[in-house]
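Letters A, B, ... are given to chains in the order of the sequence lines, protein chains preceding strands, and every chain is numbered from 1.
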Amino acid sequence: RFYLCTQFKNNTIADATDIISTVEFNHTGELLATGDKGGRVVIFQQEIENKNQPQFRSEYNVYSTFQSHEPEFDYLKSLEIEEKINKIRWLPQKNAAQFLLSTNDKTIKLWKISERDKRPEGYNLKEDDGRFKDPNNITSLRVPVLIPMDLMVEASPRRVFANAHTYHINSISVNSDNETYLSADDLRINLWHLEITDRSFNIVDIKPANMEELTEVITAAEFHPHQCNTFVYSSSKGTIRLCDMRVSALCDKHSKLFEEPEDPSNRSFFSEIISSISDVKFSHNGRYMMTRDYLSVKIWDLNMESRPVETYQVHEYLRSKLCSLYENDCIFDKFECCWNGNDSVVMTGSYNNFFRMFDRGQRRDVTLEASRENSKPMQVLKPRKVCAGGKRKKDEISVDSLDFNKKILHTAWHPQDNIIAVATTNNLYIFQDKVN
Amino acid sequence: MFPKGTKRKFSDSGEEPVSSGDQSPPAASSAVARTLSSSYSLQRQSLLDMSLIKLQLCHMLVEPNLCRSVLIANTVRQIQEEMTQDGTWQIMTQALAAAQCPADRLVATEVLCRQTDAAAQAGQSPKPFSVVGLEEGYHSEEVVMEGDVETEVTMSTLSPVSPQLSSASYLAGPFGMGPCWEEEEEDGECEEDEEEDSEECVSEGEEGDRDHLSEDSRTGEQVFGTFEIKHPAPPPDPALEELFSDVDPSYYDLDTVLTGMQAAPKMGPYDLLESLSSHGPTTLSSSSSCRSDLNELDHIMEIIVGS
């Protein structure tokens, strides 16, 4: 599988706050939203050339930019609340406007993004610039008309869901009923109604009575794509719990517990840390879910709790480097993962601006790189290879020369087409499959 | 403030024969040696030190990452449990208790005391059987470490300043309640120990278990308590003061008191962090958290000293 680099967007203005923190396509793939560390949301819109031809080319151009969250200060705890956008989730489109949820550590906001391409003209009592006319000078009556204007995209906050989380929000997920959504922090999961901002229901609470006994936190949560009563949440101990909201109001008892027994031969002091799940995603068809831990991606069949049905090693060569990665904190990096439209390929990021794709059907995998030097527009991406040890072949990169500051944590796949968005630290790359 | 050349003593310890005090029967210590691979225990020790630093230096302006803190705390607990089972935990804590006590008393009487009187410390050295227990601990550690001298890996100057931190953090106790914890441990020993023999290690082990479990509770409190109500660095915080008090003289004094005996646990932190290269390639991102943590430490120190 070769990928054409159609373009990349450079978000940097040499500003640290431009670090991209989340990437998400909407349900049609026409819009791509990114959130950054500075609390800004940038939405790109797809423009397709030669749409009717099989080899169409897509371009994503900036559609809207707005400041979603501002930094705040918690006076009770004397702590800053970062404005960094942790997650963006789109709502399915119901009318002309688009809606998305964006969240930082503490507050979720519902944004309405609407287009304005007409404006009224010909008021009787006002001039076109808004000044009021002198009533004495009005001699005739006319009907105002709407005339076309340059497209303006407006983003306005419609709901603010605040003060429901003591800990840091790591996930939000819109329910298939399009009325509710969940938000998860380290210890609790809350259920919201999109219309109601002053109340939420707590559906999972794993906070121990005595905080000193805390050994496990929630790392990610997601609603099932079709079953509005089902959601899953993952933990720092490598377990995934599937909960059914019909069973009880508080879903502390799981319906299913997914956990793979530990491989005793690989046991080390870092076993627990690398088993911590950083992301969980249901497949589009709702039959599988994928989890990402530090070294691997696992596909689980929802009907089998004992072990995953597929396991893919993302960067197994790092297993012998875990102590160094612990020292420089890289071992705590939270990589995300994503499915392609028909659930046949999964993708996740790695270090050195590498990202990996695993073709489930054909049992193939590829390592690609997102960097300006290696991606010129319309150029096919060359597969990369990391040499774990021994003799390094030409074009291979040795483990020791990997740049651990260049990490790809966020990737997204167009829901229908083979278009992917890959975020490096502060650049967004959009690649399209070369259909041939 | 930071020791220079102390790591030389580590290699010395292997060469100089133990010369003072009663020697514990070799049975117990060689049993410990047999169960522990020395390089494994070195690595484990350095991992413990690293983890403690990470836990301690997470009080920043923004709330620390709870997931990361939980994972690090679990790692520390795991190491503690293993070391307790191996019997190395109470050996180490005995050593630290002896080193700790004098410094602790000094800090208790004088806030931010930095000039630890060497003579005073020597005078306040622990009660006889603690010292004896200490000697035994030293001896057994020495047996373990002897093999290391030959297999010593190249020391890298990964973080020359961090050894000081790690030892200090040890003395502080990983979870901010070190001094009290050490004293508890010692009192327990005083009550039970009559003579040094292998049984001593066992009984202390149980004691150590109890103590380090309560210490764990303080871990949780220290680390997770911030999320309930933030603990700004409280003025009488023994942990912070331990971090900043100069503990080197105490080491040197112990060295003179217990002639020729260099405690491996004491040396461990210094050397292990410097030999971290054994854990992985040094080309891996060298902007280690140790260095960034130290900058924060300097910053904190400036604030405290400045006020």
Side-chain angles (χ1 to χ4, degrees), chain A residues 71 73-74 76-82 84 105-106 166-168 170 185-187 207-208 210-219 235-237 268-276 278 318 320-332 334 351 398-406, chain B residues 43-44 46-48 50-51 53-54 59-79 82 158-159 175 214 216-232 273 276-292:
Chain A
F73 196 77
D74 182 336
L76 184 65
K77 295 189 201 172
S78 293
L79 290 170
E80 271 185 16
I81 299 172
E82 281 188 316
K84 172 167 74 89
D105 284 338
K106 297 286 186 183
T166 309
Y167 304 97
H168 291 177
N170 53 55
D185 66 27
D186 295 313
L187 297 178
K207 178 171 184 279
N210 188 355
M211 274 298 267
E212 297 150 9
E213 291 160 10
L214 179 67
T215 56
E216 192 173 7
V217 300
I218 297 171
T219 52
S235 83
S236 56
K237 286 199 172 170
S268 75
F269 283 118
F270 306 108
S271 294
E272 185 185 311
I273 299 178
I274 63 170
S275 76
S276 173
S278 52
L318 295 183
S320 56
K321 315 290 181 203
L322 290 179
C323 194
S324 305
L325 294 165
Y326 179 73
E327 191 204 352
N328 63 19
D329 265 11
C330 281
I331 208 174
F332 301 107
K334 290 190 184 283
Y351 294 104
S398 81
V399 181
D400 296 328
S401 51
L402 292 175
D403 188 342
F404 289 87
N405 290 320
K406 293 186 180 165
Chain B
Q43 287 174 16
R44 185 174 60 184
S46 85
L47 184 60
L48 182 60
M50 217 195 304
S51 306
I53 294 176
K54 283 179 185 293
H59 296 289
M60 302 178 297
L61 195 55
V62 184
E63 250 175 314
N65 186 333
L66 183 61
C67 182
R68 176 179 174 272
S69 303
V70 167
L71 289 172
I72 297 172
N74 288 352
T75 308
V76 170
R77 239 176 245 127
Q78 206 186 328
I79 297 174
E82 200 180 281
L158 184 67
S159 279
F175 315 118
S214 65
D216 281 346
S217 71
R218 290 181 188 120
T219 310
E221 204 174 304
Q222 185 78 355
V223 173
F224 310 129
T226 53
F227 289 100
E228 299 305 306
I229 295 174
K230 153 111 180 143
H231 295 295
L273 274 179
L276 267 176
S277 61
S278 62
H279 298 293
T282 51
T283 52
L284 275 175
S285 178
S286 60
S287 57
S288 64
S289 59
C290 286
R291 292 216 178 89
S292 60

Enter the distance from A/D186:CG to B/R68:CZ here, rounded to the nearest 0.5 Å.
13.5 Å

Between B/S51 and A/Y326, is there a side-chain donor-acceptor contact under 3.5 Å, judged purely by atom types and distance?
yes

Quick one: closest heavy-atom pair of A/H168 and B/P64, and the distance?
CE1-O, 4.3 Å

Give me the atom names and distance for the closest heavy-atom approach of B/M50 to A/C323.
CE-SG, 3.9 Å

For the student: nearest non-hydrogen atoms of B/K54 and A/E327, plus distance
NZ-O, 3.0 Å

Heavy-atom nearest pair, A/T215 first then B/R77, reads CG2-NH1, 3.5 Å

For A/F269, give me all partners under ring-ring contact (aromatic ring centres under 6.0 Å, His included), at least two apart in sequence or on another chain.
none

Just verifying a value: how many Å separate A/N170 CG and B/N65 CG, rounded to the nearest 0.5 Å?
9.5 Å

Heavy-atom distance under 4.5 Å between the side chains of A/E272 and B/L71, does that happen here?
yes

Rounded to the nearest 0.5 Å, the CZ atom of A/F332 sits from the OG atom of B/S69 at a distance of 8.5 Å

Got more than 12 heavy atoms from elsewhere within 6.0 Å of NZ, A/K406?
no

Using non-hydrogen atoms only, which part of A/T219 is less than 4.5 Å away from chain B: side chain, backbone, both, or neither?
side chain

With rounding to the nearest 0.5 Å, note down the distance linking OG in A/S268 to CD in B/Q78.
8.0 Å

Minimal heavy-atom distance between B/N74 and A/L214, with the atoms involved, is OD1-O, 4.5 Å

Measure A/S236 against the heavy atoms of chain B and call it side chain, backbone, both or neither at under 4.5 Å.
both

In terms of heavy-atom proximity below 4.5 Å to chain B, should A/L187 be classed as side chain, backbone, both, or neither?
side chain

